[in-house]
Amino acid sequence: MSLRVLEPGPLTTVQDRGRPGLAHLGVPRAGALDPPAARLGNRLVGNDAGRAVLETTLGGLVVRAEGRGHWIAVTGAPCPVLVDGVARSFGEPEWIGAGSTLHLGVPDSGVRSYLAVAGGIDVAEVLGSRSTDTLAWVGPPVVAGGQLLPVGASSQAPRALDTPRLPAPGPLRISAGPQVDWFGAEALETLCQAPYVVLGDSNRVGLRLAGASLERRRHEELASQGMVLGAVQVPPSGEPVVFLADHPTTGGYPVVAVVREEDLWQCAQRRPGERVRFRLDPEALCAG
């Protein structure tokens with residue numbers, strides 16, 4: 001069982017839950033940038049949540065089922081789903097027969113769509129994961145035209161079930177970062193006061209933002225230190241960068257805040273020019 005890639009689109013990668021816990025070895029975590037969407041896709045086709053899926057960027061993926069047919073589901077950024085030129089449902093399990101061609105169009109909104117296949121994309125694991133890391137290039141290479149992607153054995157057929165409600169978009173909840181005292185007393189207030197605009201050079205490594213500059217009151221050099229998922233790092237420009245799944249394991253710019261992990265899926269779906277807001281996390285304030 002396999003999928004033949006006819007067109008890979010602008011960027012398609014294999015992703016699962018990633019490689020958390022290896023940062024001390026210098027290995028980024030990788031994994032699906034929109035975890036709720038990837039989990040939902042797997043659930044719809046009868047997979048466990050850890051099976052590998054295809055993460056597409058702005059659509060354009062075309063694959064052909066080879067060997068036999070497959071149950072598939074497309075989630076994440078809503079996009080046209082065509083099988084042999086005929087429209088199929090988005091966000092529901094669909095059967096594609098052997099020899100059929102599946103085409104994911106450009107999303108109406110959002111950036112990243114997920115193609116889940118019953119049995120999962122069964123490429124070789126690297127350090128316990130099938131995820132592609134676009135920073136250090138650990139894991140399988142970027143999906144390319146002509147590639148044959150193996151599909152694993154499905155554990156169960158899709159069946160009627162209650163699917164979890166996807167999280168609602170909203171402000172990115174933040175708590176104070178380890179170098180918040182390197183900035184003025186109103187840094188977090190400034191961060192939360194007005195929206196920031198997503199820049200075009202954002203990627204799986206980080207969401208780059210334009211907006212109110214965060215002024216530093218300490219200007220000495222910061223020794224490189226460990227970085228966590230969701231760290232809001234502030235380079236010399238003063239405009240924040242939110243570290244995402246392929247972020248480096250260390251960094252030398254101060255971290256003013258950290259975004260709550262449950263909110264980071266939104267960063268996967270923000271297009272250049274769209275706005276992002278931050279909000280102090282009430283739970284973090286209570287814990288403090």
Side-chain angles (χ1 to χ4, degrees), residues 29 33-37 57-58 76-77 107-112 165-288:
R29 61 188 295 147
L33 221 57
D34 185 343
T57 304
L58 296 176
D108 301 321
S109 62
V111 178
R112 294 172 175 89
R165 184 182 299 275
L166 289 172
L172 303 179
R173 292 169 290 179
I174 59 170
S175 54
Q179 285 84 43
V180 67
D181 59 343
W182 282 51
F183 299 85
E186 307 302 322
L188 294 182
E189 182 178 333
T190 299
L191 193 62
C192 297
Q193 192 168 24
Y196 284 81
V197 176
V198 177
L199 294 176
D201 55 353
S202 298
N203 52 27
R204 283 184 49 86
V205 175
L207 192 73
R208 298 182 180 275
L209 303 172
S213 178
L214 302 178
E215 300 295 331
R216 286 172 58 171
R217 67 180 185 182
R218 291 179 57 178
H219 297 281
E220 64 265 35
E221 186 174 345
L222 178 68
S224 185
Q225 61 176 342
M227 290 288 133
V228 299
L229 182 66
V232 182
Q233 195 180 59
V234 184
S237 68
E239 294 179 319
V241 179
V242 182
F243 275 176
L244 304 179
D246 290 357
H247 72 85
T249 57
T250 61
Y253 295 134
V255 174
V256 68
V258 178
V259 177
R260 190 168 175 172
E261 186 171 349
E262 294 90 335
D263 292 349
L264 288 174
W265 67 270
Q266 299 182 66
C267 298
Q269 304 298 359
R270 289 288 187 266
R271 293 187 175 187
E274 292 185 342
R275 295 183 173 189
V276 171
R277 297 197 73 109
F278 295 95
R279 179 169 65 88
L280 285 173
D281 188 346
E283 292 188 16
L285 292 174
C286 292

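We're numbering straight along the sequence, starting at 1.
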Q: Does a side-chain heavy-atom distance below 4.5 Å link V242 with L264?
A: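 They are in side-chain contact.
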
Q: Using the side-chain contact (heavy atoms from CB on, under 4.5 Å) criterion, which residues pair with L222? Sequence neighbours excluded.
A: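 L222: side-chain contact (heavy atoms from CB on, under 4.5 Å) contacts with Q179, W182, Q225, P254.
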
Q: Output, in order, the C-alpha distance, side-chain angles, deciding distance and verdict of side chain to side chain contact (heavy atoms under 4.5 Å, CB included) for V259 and F278.
A: CA-CA 8 Å; V259 177; F278 295 95; 4.1 Å; yes

Q: For atom CZ of R208, is the number of surrounding heavy atoms from other residues, nucleotides or ligands below 6.0 Å larger than 12?
A: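 Incorrect, the count does not exceed 12.
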
Q: List the atom pairs, with distances to 0.1 Å, where a side-chain N or O of residues 188-199 and a protein N or O form a donor-acceptor pair under 3.5 Å, not counting sequence neighbours.
A:
{"from": "T190", "atom 1": "OG1", "to": "E186", "atom 2": "O", "distance (Å)": "3.0"}
{"from": "Y196", "atom 1": "OH", "to": "A212", "atom 2": "O", "distance (Å)": "2.7"}

Q: Apply the side-chain contact (heavy atoms from CB on, under 4.5 Å) test between Y253 and each candidate in P235, S224, P240; give the one that qualifies.
A: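 The single option meeting the side-chain contact (heavy atoms from CB on, under 4.5 Å) with Y253 is P235.
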
Q: Taking it one step at a time, do E274 and Q269 satisfy side chain to side chain contact (heavy atoms under 4.5 Å, CB included)?
A: CA-CA 10 Å; E274 292 185 342; Q269 304 298 359; over 6 Å; no

Q: With rounding to the nearest 0.5 angstrom, report the CG to CZ distance, L33 to R112.
A: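 Separation between the atoms: 5.0 Å.
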
Q: How close do D108 and R271 get, heavy atom to heavy atom, and via which atoms?
A: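 Nearest heavy atoms, D108 then R271: C-NH2, 4.0 Å.
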
Q: Does any part of the side chain of Q266, heavy atoms only, come nearer than 4.5 Å to the side chain of V276, both counted from C-beta?
A: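 No, side chains not in contact.
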
Q: Without swapping roles, check the side chain of Q233 against the backbone of V255 for a donor-acceptor pair under 3.5 Å.
A: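 Such a contact is absent between Q233 side chain and V255 backbone.
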
Q: Going through the checks in order, is the side chain to side chain contact (heavy atoms under 4.5 Å, CB included) test met by L280 and I174?
A: CA-CA 5 Å; L280 285 173; I174 59 170; 4.1 Å; yes

Q: Looking only at heavy atoms, which two atoms of R270 and G170 are closest? And how far apart?
A: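 Shortest heavy-atom contact: NH2-O, 4.4 Å.
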
Q: Measure the shortest side-chain to side-chain distance between L172 and C267 over non-hydrogen atoms and say whether it is less than 4.5 angstrom.
A: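 Result yes, sub-4.5 Å side-chain heavy-atom pair found.
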
Q: Under a 4.0 Å threshold between the charged nitrogen and the carboxylate oxygen, would E215 count as salt-bridged to R217?
A: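 Looking at R217 and E215, the cut-off is not met.
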
Q: Could you tell me if the side chain of R216 sits less than 4.5 Å from the side chain of V234, heavy atoms only?
A: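 Side chain of V234 against side chain of R216, heavy atoms only: no contact under 4.5 Å found.
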
Q: Might you confirm whether atom CZ of R275 has over 12 heavy atoms from other residues, nucleotides or ligands at distances under 6.0 Å?
A: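 Check fails, neighbour count at 12 or below.
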
Q: Using a 4.5 Å cut-off on heavy atoms from C-beta on, say whether the side chain of V258 contacts that of V232.
A: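 Heavy-atom side-chain distance check fails, nothing below 4.5 Å.
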
Q: Taking all heavy atoms of A77 and all of G110, pick out the closest pair and write down the distance.
A: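 For A77 versus G110, the nearest heavy atoms are CB-C, 3.8 Å.
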
Q: Strictly below 4.0 Å, N to O, side chains only: are D281 and R260 in salt-bridge contact?
A: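 A salt bridge is present here (some side-chain N lies under 4.0 Å from a carboxylate O).
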
Q: Not counting sequence neighbours, list each pair that qualifies as a side-chain hydrogen bond (donor to acceptor under 3.5 Å, both in side chains) and has a residue in residues 235-248.
A: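 Checked against side-chain hydrogen bond (donor to acceptor under 3.5 Å, both in side chains) - neighbours excluded - the pairs reaching residues 235-248 are T134-D246, R204-D246.
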
